[in-house]
Undergrad: 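Take this structure, written in C-alpha cells, and hold onto it; I'll ask about it next.
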Amino acid sequence: MPALTLRRQFIVDSGGRRVAVALPIEEYEALMAGKGDTDPRDALMAQASHDERFMSDLRETMDAFAVADRSSWDLLRGGHSDTSTAVPHTA
C-alpha cells in the first residue's frame, strides 16, 4: 500500500473563494494547543492596563469626551455649552 500524504486543502465556493480548510490532524491539534485567545490583540489589551503612557492617554481622551458629552447634553437641554471646564478623572 502506498504511503498516504496529507496536506492542507482549501474548500472553495462556486466563485473560487476559499470558504474552509481541511488540515492534517497533527496540524489541527498544534493550532488548537496554542490557541489561547482567538484574537491576538487580546494579549496587547491585557498589557495596556499596565502601561502608564497608555493609561495617561486614555484618561486624557476620556476626560475630553466627558467635556464634549456634557456640552452636547447642555445644548440639547437648551442651555449653553461650556467646553472650557475639564472633567477631572478619578481613578
Side-chain angles (χ1 to χ4, degrees):
M1 176 178 247
L4 180 63
T5 303
L6 299 175
R7 60 184 175 80
R8 184 179 311 167
Q9 297 180 11
F10 294 98
I11 299 161
V12 297
D13 65 11
S14 60
R17 291 178 296 268
R18 295 176 179 178
V19 295
V21 64
L23 301 173
I25 195 66
E26 293 82 12
E27 190 173 342
Y28 169 78
E29 288 172 345
L31 285 171
M32 296 309 291
K35 184 177 175 240
D37 295 325
T38 57
D39 189 336
R41 296 173 294 181
D42 291 345
L44 294 174
M45 290 302 294
Q47 293 172 357
S49 64
H50 303 291
D51 183 323
E52 275 306 310
R53 187 172 14 175
F54 173 82
M55 293 305 294
S56 175
D57 289 348
L58 178 62
R59 282 189 287 276
E60 183 179 330
T61 300
M62 294 306 294
D63 290 347
F65 173 78
V67 170
D69 188 53
R70 186 179 61 226
S71 302
S72 298
W73 281 108
D74 287 347
L75 289 172
L76 286 172
R77 291 184 185 118
H80 69 285
S81 174
D82 179 12
T83 58
S84 63
T85 308
V87 176
H89 176 78
T90 55

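Note: hydrogens, waters and symmetry copies are ignored here, and every other heavy atom, side chains too, is used. What you see is a predicted model; the values in this text were computed from it and never measured.
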Undergrad: Are any non-hydrogen side-chain atoms of Met55 and Asp51 less than 4.5 angstrom apart?
TA: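 Side chain of Met55 against side chain of Asp51, heavy atoms only: no contact under 4.5 Å found.
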Undergrad: Using the rule that Ile, Leu, Val, Met, Phe, Trp and Tyr join whenever any side-chain heavy atoms are under 4.5 Å apart, tell me whether Leu58 and Met45 fall into a single cluster.
TA: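 The answer is no; the residues belong to distinct hydrophobic clusters.
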Undergrad: Kindly indicate, with the supporting measurements, whether the criterion side-chain contact (heavy atoms from CB on, under 4.5 Å) is fulfilled by Ile25 and Tyr28.
TA: CA-CA 5 Å; Ile25 195 66; Tyr28 169 78; 4.0 Å; yes
Undergrad: Should we say atom CZ of Phe10 is surrounded by more than 12 heavy atoms from elsewhere, each under 6.0 Å from it?
TA: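 Result for CZ/Phe10: enclosed.
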Undergrad: Can any side-chain N or O of Ser71 pair as donor or acceptor with the backbone N or O of Val67 at less than 3.5 Å?
TA: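 Yes.
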Undergrad: Given the rule that I, L, V, M, F, W and Y join up when any side-chain heavy atoms are under 4.5 Å apart, are Ile11 and Leu23 in one cluster?
TA: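 Different clusters.
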Undergrad: Are there more than 12 heavy atoms of other residues, nucleotides or ligands under 6.0 Å from atom CD of Glu27?
TA: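 Check passes, neighbour count above 12.
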Undergrad: Do Glu60 and Asp63 make a side-chain contact, defined as non-hydrogen atoms from C-beta onward lying under 4.5 Å apart?
TA: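 Contact flag for Glu60/Asp63 side chains = no.
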Undergrad: Measuring only between side-chain heavy atoms, which start at C-beta, is Asp57 closer than 4.5 Å to Phe54?
TA: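 They are not in side-chain contact.
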